[in-house]
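We count ligands from 1, going down the list as the structure has it; atoms in each ligand are counted the same way.
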Amino acid sequence: MSESGGADSLKRARFAHVPTIFGLPDGVRDDTDVALIGVPFDGGVTHRPGARHGPEAIRAASKLIRRVHHRSRIAPFEVLRCADAGDVPIEHWFDLSAAHGDIERFYGSLPHGTIPLSLGGDHSITIPILRALGRERPVAVVHVDAHCDTSGEYGGSLFHHGAPFRIAAQEGLIVPELTFQLGIRGSLANAEQWSYSYESGMTVVTIEDLYERGIAAVGQSVAAALGDTPVYVSFDVDAVDPVYAPGTGTPEIGGLTSLDALILIRSLAGANCIGADIVEVSPPFDLGGHTSLLAATLAFEILCVIAARERRL
Ligand code: MN
Ligand code: MN
């Protein structure tokens, strides 16, 4: 293992060793550019649980990822000092609000300038992460998901995995006019369920619109609209079709292929990504680890987007 890079698969057996993500060094330092962080929490799910096991499964799957992007030839671990920050110590896993407090405190303690790339966990974890990242100034959002996640009360609670972007907008953590929700589909509880997205000025791109306009074309137009604006990228794996990503809590048929998901992230190259997450990987529902491998590959793709900007590629 090099000091900042992932493990060299030609020299170090990938099937051995306790896994850190990509074989990265364990622990964040003051000069860490990107901290990969596990958030083993699924206390906000509305249906199938299991995302608390996501980080450990994604770390194990990441042993399959090597060091150089096959297309762009970007080697993110040579450009960025990356580290595995471990899992957020969640002390109150029976209490949703208190657990969110644990998560927010952890992100607030990261060194200034370190970009967090998080491995969930259910989508409710994005609320405390944005509370830490968007406190000083609201950020733009690229949100890839089958669902808008701007629902209201669910089972008597406003804070669940179906509402992070409504909560974040209401708390002034994100800019609705610079929030792009991509891949939206599936049946609704009622016709108004996601009206908050439209009424607050978010851009909602359905899966049909994505394919009609072209995956890369949509990604590039979003990147162009963002320019240098700091943007948070949030990827819910249920954006991908359950044929490719069965291990998730709220699957919806008719989604992205794995390749299209990678291309969508890749097309954001140039964006000023100040944080990202990959959420809703639920290993108990996974088949053969497909979803965890997809999540690990998406994390690598996001690192390449961050590295491309660092190098002004
Ligand atoms: Mn979703
Ligand atoms: Mn979601």
Rounded distance (nearest 0.5 Å) linking atom CD1 of Ile65 with atom CZ of Phe300: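 It is 7.5 Å, given to the nearest 0.5 Å.
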Separation of Thr206 OG1 from Leu182 CG (nearest 0.5 Å):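 Reported value, rounded in 0.5 Å steps: 10.0 Å.
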Protein N/O/S atoms closer than 2.8 Å to the Mn ion (ligand 1):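 Metal shell, protein only: Asp145 OD1, His147 ND1, Asp236 OD2, Asp238 OD1, Asp238 OD2.
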His47 ring center within less than 6.0 Å of His161 ring center: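 Not under 6.0 Å, so no.
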Close aromatic pair by centroid cut-off 6.0 Å: Phe165 and His147: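 No, they do not, as the ring centres are separated by 6.0 Å or more.
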Arg166 bridged to Asp149 by N-O distance under 4.0 Å: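 Salt bridge between Arg166 and Asp149, a charged N being under 4.0 Å from a carboxylate O: no.
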Pairing residues for Tyr232 by the ring-ring contact (aromatic ring centres under 6.0 Å, His included) criterion, not counting sequence neighbours: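 Counting only residues at least two positions away or on another chain, Tyr232 forms no ring-ring contact (aromatic ring centres under 6.0 Å, His included).
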